[in-house]
Q: 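Structure provided below as structure tokens; questions to follow.
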Amino acid sequence: MLSRMSSVISSSHIIVDVRNKRLVVNGYIRGIKPAIFSRELIELAVNKKLEKIWLWALPADVPEFLGFGFRTEGSLFRDNFEEFAISLAYYVNPVRAFSDKLQSENDIVDSVRTEPIRRLSSLSEGIRLKLLNQSFAEQISELLTRVFESYPSPVEDSQYIRSLIKDGNIFAGAFIEKKLIGVAAAYPDKELNRCEMTDCATLEEYRGNSLTERLLGILENEVLKHQTLNLFTLARAQSYGMNRVFHKLGYRFQGRLINNCDIAGSFEDMNLWVK
């Protein structure tokens, strides 16, 4: 079964994500049969003792995937964007499909959309913003592990951060003297014509300076300097501040991924925002 699967999907597009107990499918060959593909994915997830399948699907294939138990959780549509635009989920463990926080999370989205948007104030004296190279990997790792009790990716490993930067992902940081106090990142994917804005964190004692908003602005300019990509993020659905930042930057709410990843100590719902 696994050898048959490898003929229809490249290893770079399918991730057995043990850390988050999910199977992530970032793409597949156009023209596959969703019925066969669904069975293969479900069998693989069961064999690996995973709880959720997260599948980016072509719009035309969505109805057939839905017929095999997948459900729609979001979309990456922007203008005429067509490739791998629908976020689908299949819950091997039905308990993981349930969230008791949906109403409060809806209230947060409604609130950030309706409150007036204020212009950024001047950056506090002594804070500097800049792009980060591999030499900052240890500081990035230390900051992220200090801010988050748990994280969806192995950011506690500075070598992992270093490899992300080496592979073309972009990090920006805020400093007071030589101390890194805030960070954000952009993960461009030219093949799928998209870029995830992610890894946003600010030390608690320096919050209130709109550092994430400022860093994301720097990253957007850097990403779009040489290419036009669909920008998106997965913001913690229970975080008013993060959802507010992305709405303020012009992102649109386009779905919610239920219990999608382990962050800050538990599985959490993630809001999909697209620009």
Q: Show the nearest heavy-atom pair for residues Ala185 and Tyr187, with the distance to one decimal.
A: CB-CE1, 3.8 Å
Q: Short question: side chain of Ser239, backbone of Arg236 - any donor-acceptor pair under 3.5 Å?
A: no
Q: Do Thr198 and Leu234 touch side chain to side chain, with heavy atoms closer than 4.5 Å?
A: no
Q: Show which side-chain atoms of residues 127-146 pair as donor or acceptor with protein atoms under 3.5 Å away, not counting sequence neighbours.
A:
from: Arg128; atom 1: NH2; to: Glu177; atom 2: O; distance (Å): 2.8
from: Asn133; atom 1: OD1; to: Ser135; atom 2: N; distance (Å): 3.0
from: Asn133; atom 1: OD1; to: Ser135; atom 2: OG; distance (Å): 2.4
from: Gln139; atom 1: NE2; to: Lys178; atom 2: O; distance (Å): 3.2
from: Ser141; atom 1: OG; to: Val155; atom 2: O; distance (Å): 2.5
from: Ser141; atom 1: OG; to: Glu156; atom 2: O; distance (Å): 3.2
from: Thr145; atom 1: OG1; to: Ser141; atom 2: O; distance (Å): 2.8
from: Thr145; atom 1: OG1; to: Glu142; atom 2: O; distance (Å): 3.1
from: Arg146; atom 1: NH2; to: Glu205; atom 2: OE2; distance (Å): 3.1

Q: What I want to find out is whether Arg207 reaches Glu204 closely enough, with some N-O distance under 4.0 Å, to be called a salt bridge.
A: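 No, no charged N to carboxylate O under 4.0 Å.
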Q: So, does Asp61 use its side chain to make a donor-acceptor pair with the main chain of Ala57 at under 3.5 Å?
A: no
Q: How far does CG of Leu224 sit from CG of Leu231, to the nearest 0.5 angstrom?
A: 5.0 Å
Q: Quick one, Val245 and Tyr251 - any side-chain contact, counting heavy atoms below 4.5 Å?
A: no
Q: Atom CD1 in Ile258, atom CG in Asp269: separation rounded to 0.5 Å?
A: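 Ile258 atom CD1 to Asp269 atom CG measures 4.0 Å (nearest 0.5 Å).
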Q: Taking all atoms of both residues into account, what is the closest heavy-atom pair of Pro152 and Cys261, and its distance?
A: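 Taking Pro152 first and Cys261 second, the nearest heavy atoms are CG-SG, 3.6 Å.
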Q: To the nearest 0.5 Å, what is the distance between CG on Leu88 and CZ on Phe65?
A: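 Separation between the atoms: 7.0 Å.
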Q: Is it true that a side-chain atom of Thr212 and a backbone atom of Cys200 form a donor plus acceptor pair closer than 3.5 Å?
A: no
Q: So, Gln254 and Arg252: side-chain donor and acceptor under 3.5 Å apart, yes or no?
A: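 There is such a pair between these side chains.
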Q: Answer whether the closest heavy-atom distance between the side chains of Leu249 and Trp273 falls below 4.5 Å.
A: no
Q: Distance only, no hydrogens: is a donor on one side chain within 3.5 Å (strictly under) of an acceptor on the other, for Trp56 and Ser87?
A: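 On atom types as modelled, these side chains do not qualify, holding no pair under 3.5 Å.
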Q: Run the numbers on Glu51 and Arg22 for salt bridge (Lys or Arg N to Asp or Glu O under 4.0 Å), then give the verdict.
A: CA-CA 6 Å; Glu51 298 178 347; Arg22 64 186 181 183; over 6 Å; no
Q: Using a distance-only test with no angle check, is there a side-chain donor-acceptor pair under 3.5 angstrom linking Tyr151 and Asp262?
A: no
Q: Is it true that a side-chain atom of Tyr28 and a backbone atom of Leu58 form a donor plus acceptor pair closer than 3.5 Å?
A: yes
Q: So which heavy atom on Ser75 is nearest to which on Leu272, and how close?
A: O-CD2, 3.3 Å
Q: Does NZ or CZ of Arg113 fall inside the cone over Phe253's six-membered ring, less than 6.0 Å from its centre and within 45° of the axis?
A: no
Q: Search all heavy atoms of Ala174 against all heavy atoms of Leu215 and return the closest pair with its distance.
A: N-CD2, 4.0 Å
Q: Show the nearest heavy-atom pair for residues Leu192 and Asn26, with the distance to one decimal.
A: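 For Leu192 versus Asn26, the nearest heavy atoms are CD1-O, 3.1 Å.
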Q: Is there a path of hydrophobic side-chain contacts, each under 4.5 Å between heavy atoms of I/L/V/M/F/W/Y residues, joining Val95 to Leu257?
A: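 In one cluster: no.
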Q: Is any side-chain heavy atom of Leu123 closer than 4.5 Å to a side-chain heavy atom of Leu211?
A: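 Side-chain contact under 4.5 Å: yes.
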Q: Please check if any side-chain donor atom of Arg96 sits under 3.5 Å from a side-chain acceptor atom of Asn259, or the reverse.
A: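 Short answer, no.
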Q: Show, in sequence, the C-alpha distance, side-chain angles and deciding distance for Val25 and His13, and conclude whether the side chain to side chain contact (heavy atoms under 4.5 Å, CB included) test is met.
A: CA-CA 6 Å; Val25 185; His13 283 163; 5.7 Å; no
Q: Does one hydrophobic cluster hold both Phe70 and Tyr91, with members joined at side-chain heavy-atom distances below 4.5 Å?
A: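 Not linked; separate clusters.
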Q: For the pair Glu73 and Arg256, find out whether any cationic side-chain nitrogen is under 4.0 Å from an anionic carboxylate oxygen.
A: no
Q: So, Glu196 and Arg194, do they make that salt bridge, N to O below 4.0 Å?
A: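 Judged by the 4.0 Å cut-off on N to carboxylate O distance, Glu196 and Arg194 do not form a salt bridge.
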Q: From Glu115 CD over to His247 NE2, what is the distance, rounded to the nearest 0.5 angstrom?
A: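 Between Glu115 CD and His247 NE2, I get 9.5 Å after rounding to 0.5 Å.
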Q: Begin from the C-alpha positions of Leu50 and Asn20 and carry the test side chain to side chain contact (heavy atoms under 4.5 Å, CB included) through to its verdict.
A: CA-CA 8 Å; Leu50 306 176; Asn20 297 287; over 6 Å; no
Q: Kindly work out whether a path of hydrophobic side-chain contacts (I/L/V/M/F/W/Y, heavy atoms less than 4.5 Å apart) joins Val18 to Val92.
A: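 Yes, it is one cluster - the side chains of Val18 and Val92 are joined through contacts under 4.5 Å.
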Q: Hey, mind stepping through Asn260 and Trp54 against side-chain hydrogen bond (donor to acceptor under 3.5 Å, both in side chains) and telling me if it holds?
A: CA-CA 8 Å; Asn260 197 57; Trp54 176 20; 5.0 Å; no
Q: Are Phe68 and Leu44 connected into the same hydrophobic cluster when the rule is that any two of I, L, V, M, F, W, Y join if their side-chain heavy atoms are below 4.5 Å apart?
A: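 In one cluster: no.
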Q: Between Arg71 and Ala97 (side chain of the first, backbone of the second, donor and acceptor by atom type, cut-off under 3.5 Å), is there such a pair?
A: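 Checked: pair present.
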Q: Of all the heavy-atom pairs spanning Phe171 and Val183, show the shortest one and how long it is.
A: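 Closest approach of Phe171 to Val183: CD2-CG2, 4.0 Å.
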Q: What I'd like to find out is whether the side chain of Leu219 reaches to under 4.5 Å of the side chain of Asn221, using heavy atoms alone.
A: no
Q: Supply the atom-to-atom distance Lys275 NZ to Leu76 CG, rounded to the nearest 0.5 angstrom.
A: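 Nearest 0.5 Å value for the NZ-CG distance: 15.0 Å.
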Q: Where do Ile32 and Ile36 land on the side chain to side chain contact (heavy atoms under 4.5 Å, CB included) test, with the steps shown first?
A: CA-CA 8 Å; Ile32 69 162; Ile36 296 174; over 6 Å; no
Q: Side-chain heavy atoms nearer than 4.5 Å, only ILVMFWY residues, links allowed to pass through others: does that put Met242 and Val109 together?
A: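 Shared cluster, yes.
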Q: First locate atom CG of Leu229, then atom CD of Glu220, and finally report the distance between them rounded to the nearest 0.5 Å.
A: 11.5 Å
Q: Determine whether Lys52 and Tyr90 make a side-chain contact, defined as any pair of heavy atoms from C-beta on separated by less than 4.5 Å.
A: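 Answer no - side chains too far apart.
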Q: Any side-chain to backbone donor/acceptor pair from Ser38 onto Pro34? Under 3.5 Å, distance only.
A: yes
Q: Using modelled atom types only, decide if a donor and an acceptor are shared between the side chain of Asn106 and the backbone of Leu102 within a distance under 3.5 Å.
A: yes
Q: Any side-chain heavy-atom pair from Lys21 and Phe267 closer than 4.5 angstrom?
A: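 A side-chain contact exists here, since the closest heavy-atom pair is under 4.5 Å.
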Q: When you check the side-chain N and O atoms of Asn243 and Asn271, is any donor under 3.5 Å from an acceptor?
A: yes
Q: Measure the shortest side-chain to side-chain distance between Asn230 and Cys195 over non-hydrogen atoms and say whether it is less than 4.5 angstrom.
A: no
